[in-house]
Amino acid sequence: MHPMLIFLAAVLSITFPSSKGGVVPAYLVRGAARIPARRPAVIFMHWGLGDRHAFLDDALTLSNYGVTSLLIDAPFNRPNGPKDENEDLLQAVADVRKGVDLLSARNDVDPKRIGFVGLSYGAHVGALLAAQEPRFRALVLAGGLASNSEAEKNPALAPYDAEKWINKPHTAPIFLQFARNDEYISRAQADRFIKAASDPAVFKWYEGNHQFNAAARADRSSWLATELGFTIPDPAYRAVDRASPPFEIAKLGVVTDMPGMQHVTVKRDIAFSTDQKMDVYYPFGMTPKDRVPAIITVSGQARSKEFMKALRQMRFATTFAQALAVRTNRIIVMPDIRSESQGDPAKDLGELIAFLVAHADELQIDASALAIFSRSAGYSYGLRAANAANVKAFVAWYPVMSIDSKPSMPALIVTAEHDEDYDAAKVAQLGDVKHIHLPDGDHGFEIIDDLEQSRDAFVQSATFLRQLLPIRRSPD
C-alpha cells in the first residue's frame, strides 16, 4: 500500500439478487470525492480461506485512483450455500456476472472499463469467467489451480475445470500471477495453467507463498491501471505500464528496480544502417569530455516480424537498458535486431560496431572497449559479432546455444532451470566460462521472475561488465 495515500472512500455493505436464489452479500467501495467522468470498476473474488474482506485494502487503494470496487462473498460463505464444490463454482460465476450487471447499470461506472481480480478460489472462478463474460476488460488471476481432482477423474465435470476454460477464446487480456513457495499450487500445476491460457495472456512469478507479496499487489494495481485506463500518481518506476498492443508481454518491465533509472538520458532513433536504428542510454553524471565504454544489447528472435520491429520500444527492453546504465555506469546501446528470415543479424551487428567506432566522439563512446550482452537466440549472432578486437566482454542470458560456439573473450553465461532451451551438456562444453544457474528461473527471467535470484543475476552481470570495461580518465 502506498504510504502517502489518504483514504476518503465510502465502503457500503450491500446485497444484490443471486441468479440461484437468495442474495449476494458484497461491499461496494468508491472514492468519496466526485469525479466528473464515469469510473473504471473492479470485481474482486477472494480465496478459499477468506471472504469479501480479503481485498478490502486493495479496493481502498484503488478508490484513491477513482476506481469503484465490488467485493463479493463466495456462495460457500453464505447461509444455505451450495454443499457441492462444483455447484459452488458455477454459482460464483453466475453471481459475478450479476455483479457486472449491477456495476454496468450505475451512472458513475464506465461499463467498458470493468476488470476482475481473483485469488486462488477466485482465480478458478475467473478462469471460468474469461470466455463466458465478454464485458470484462481485463482479468488478474493469482494462484490459480489448473484442474481440480474431480474434474481430472470425470470428463462430465469439465464445466468446472479451469484449465479447459482458460484455453477457450477470450478478448480480455489475462495477467496470471504465481508464487514460488505456494503451499497449495505446485510448479507443475502453475505450468499447466500458464500453458493452457490462450492469448492475450501473460504471467509472472513472485517470491513468497499463496498470500502473495507486496510486489505482486503493486503489479496488480499497475496492470489494472494500464488495462482499465486510470492513473496511479506515483513518479517512481512501475513494473507494468502502457505499451503498443497486441503484445501483452510488452507492458511488463524488468524485475530489477534501480534508483533513478527512469531518469536516464536517452538518444533515440539513431540510424546506423539504411533501415535500422538504435537507442543510446547514458549513465548519470557524464560531462562533454567523458568517453565511456559501451554495452551493446542483443535480443533474441520472435516469430512475429511486427514484434521484432517494435522490440526496441517495448517496456521490458527500455527498462532493461535504463537499469543496466545505472548499475554499470556505462553507455548502453540498444539496436534494432533483424529477423533471421530477413537477413543476418551478425552482419548487422558488425555494421553497428563499425558505426560506433566511426561516430564514437559524437556519441561519447570509448570505442576501444565494447561489450555484447545477448539474450536467447542472440547468443549465436552476438557471439559472431563479438569477434571484433574492440569487444572485451560477452554476457549471455538463457542462451540458445550450438555445441561448437564458445566465447573467445571473457564471458558470463546465465542459464535457467525452467528454460526449455537449457542444455547442461552444452554449457559444460564451454569449459571455464563463468556460469550462473537460476534454479527457479525461466526463459525471460528478468521479465517474468520477480525473484531475488533474478535480481542477483542482474547485479553479478553488471559487476562482471564493470570490471572488464574500465573507464579511462584523461588528465585535465
Side-chain angles (χ1 to χ4, degrees), residues 18-20 22 24-27 42-59 69-100 115-133 136 138-153 157-167 170 172 174-179 181-186 188-190 192-194 196-197 201 203 206 208-213 216-217 220 224:
S18 170
S19 61
K20 304 291 185 180
V24 181
Y27 283 136
V42 175
I43 296 180
F44 287 96
M45 180 55 77
H46 57 80
W47 60 343
L49 300 178
D51 60 16
R52 55 181 162 157
H53 293 85
F55 281 113
L56 187 54
D57 282 353
D58 294 67
S69 296
L70 183 67
L71 297 79
I72 295 174
D73 265 351
F76 65 75
N77 276 328
R78 306 172 206 159
N80 304 316
K83 303 301 181 184
D84 179 81
E85 176 187 350
N86 297 311
E87 288 299 324
D88 178 272
L89 285 168
L90 289 190
Q91 182 171 338
V93 168
D95 290 344
V96 170
R97 299 190 74 180
K98 280 284 190 179
V100 178
F116 175 88
V117 174
L119 168 62
S120 189
Y121 166 90
H124 196 141
V125 172
L128 301 180
L129 279 161
Q132 297 186 62
E133 183 45 81
F136 280 131
L139 299 97
V140 182
L141 309 182
L145 182 68
S147 176
N148 64 31
S149 58
E150 294 302 315
E152 289 178 343
K153 294 175 187 175
L157 296 177
Y160 317 105
D161 191 338
E163 186 176 16
K164 290 182 174 63
W165 271 101
I166 203 168
N167 188 249
H170 56 88
I174 299 175
F175 182 21
L176 304 174
Q177 296 183 306
F178 294 96
N181 295 317
D182 195 313
E183 59 270 36
Y184 298 109
I185 309 297
S186 67
Q189 273 280 344
R192 280 177 54 181
F193 206 100
I194 290 166
F203 69 95
Y206 298 89
N209 56 24
H210 198 60
Q211 300 170 76
F212 286 84
N213 61 13
R217 292 191 289 274
R220 187 185 303 147
L224 292 169

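All of these numbers come straight from a predicted model, not from anything done at the bench.
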Taking the side chain from His210 and the backbone from Ala179, do they hold a donor-acceptor pair closer than 3.5 Å?
-> no

With Phe116 as partner, the option from Leu139, Leu224, Val100, Val42 fulfilling side-chain contact (heavy atoms from CB on, under 4.5 Å) is Leu139

Smallest separation among heavy atoms of [X] and [Y], with atom names:
| X | Y | answer |
| --- | --- | --- |
| Ala92 | Val125 | CB-CG2, 3.8 Å |
| Phe76 | His46 | CZ-CE1, 3.7 Å |
| Ala94 | Ser19 | CB-OG, 2.9 Å |
| Tyr206 | Ala216 | CE2-CA, 3.5 Å |
| Gly115 | Phe136 | O-CE2, 3.6 Å |
| Gly99 | Ile43 | C-CD1, 3.8 Å |

Asn181 atom CG: more than 12 heavy-atom contacts under 6.0 Å | yes

Does the side chain of [X] reach to within under 4.5 Å of the side chain of [Y], using non-hydrogen atoms?
| X | Y | value |
| --- | --- | --- |
| Arg78 | Val24 | yes |
| Val96 | Glu133 | no |
| Leu145 | Ser120 | no |
| Arg220 | Phe175 | no |
| Tyr27 | His53 | yes |

State which residues pass side chain to side chain contact (heavy atoms under 4.5 Å, CB included) with [X]; sequence neighbours excluded, sorted by chain then number.
| X | answer |
| --- | --- |
| Asn167 | none |
| Ala131 | Trp165, Lys168 |
| Pro82 | Pro75, Glu87, Asp88, Gln91 |

If you round to the nearest 0.5 Å, how far is [atom2] of [Y] from [atom1] of [X]?
| X | Y | atom1 | atom2 | result |
| --- | --- | --- | --- | --- |
| Asp73 | Arg52 | CG | CZ | 5.0 Å |
| Met45 | His124 | CE | NE2 | 12.5 Å |
| Ile166 | Asp161 | CD1 | CG | 11.0 Å |
| Trp47 | Tyr184 | CH2 | OH | 6.5 Å |
| Asp182 | Gln177 | CG | CD | 12.0 Å |
| Ile72 | Lys98 | CD1 | NZ | 12.0 Å |

Do Ile174 and Phe203 pass the side-chain contact (heavy atoms from CB on, under 4.5 Å) test, and can you show the C-alpha distance, the side-chain angles, and the key distance before you say yes or no?
-> CA-CA 8 Å; Ile174 299 175; Phe203 69 95; over 6 Å; no

What do the steps show when you test Ile185 against Phe193 for side-chain contact (heavy atoms from CB on, under 4.5 Å), and what is the final call?
-> CA-CA 10 Å; Ile185 309 297; Phe193 206 100; over 6 Å; no

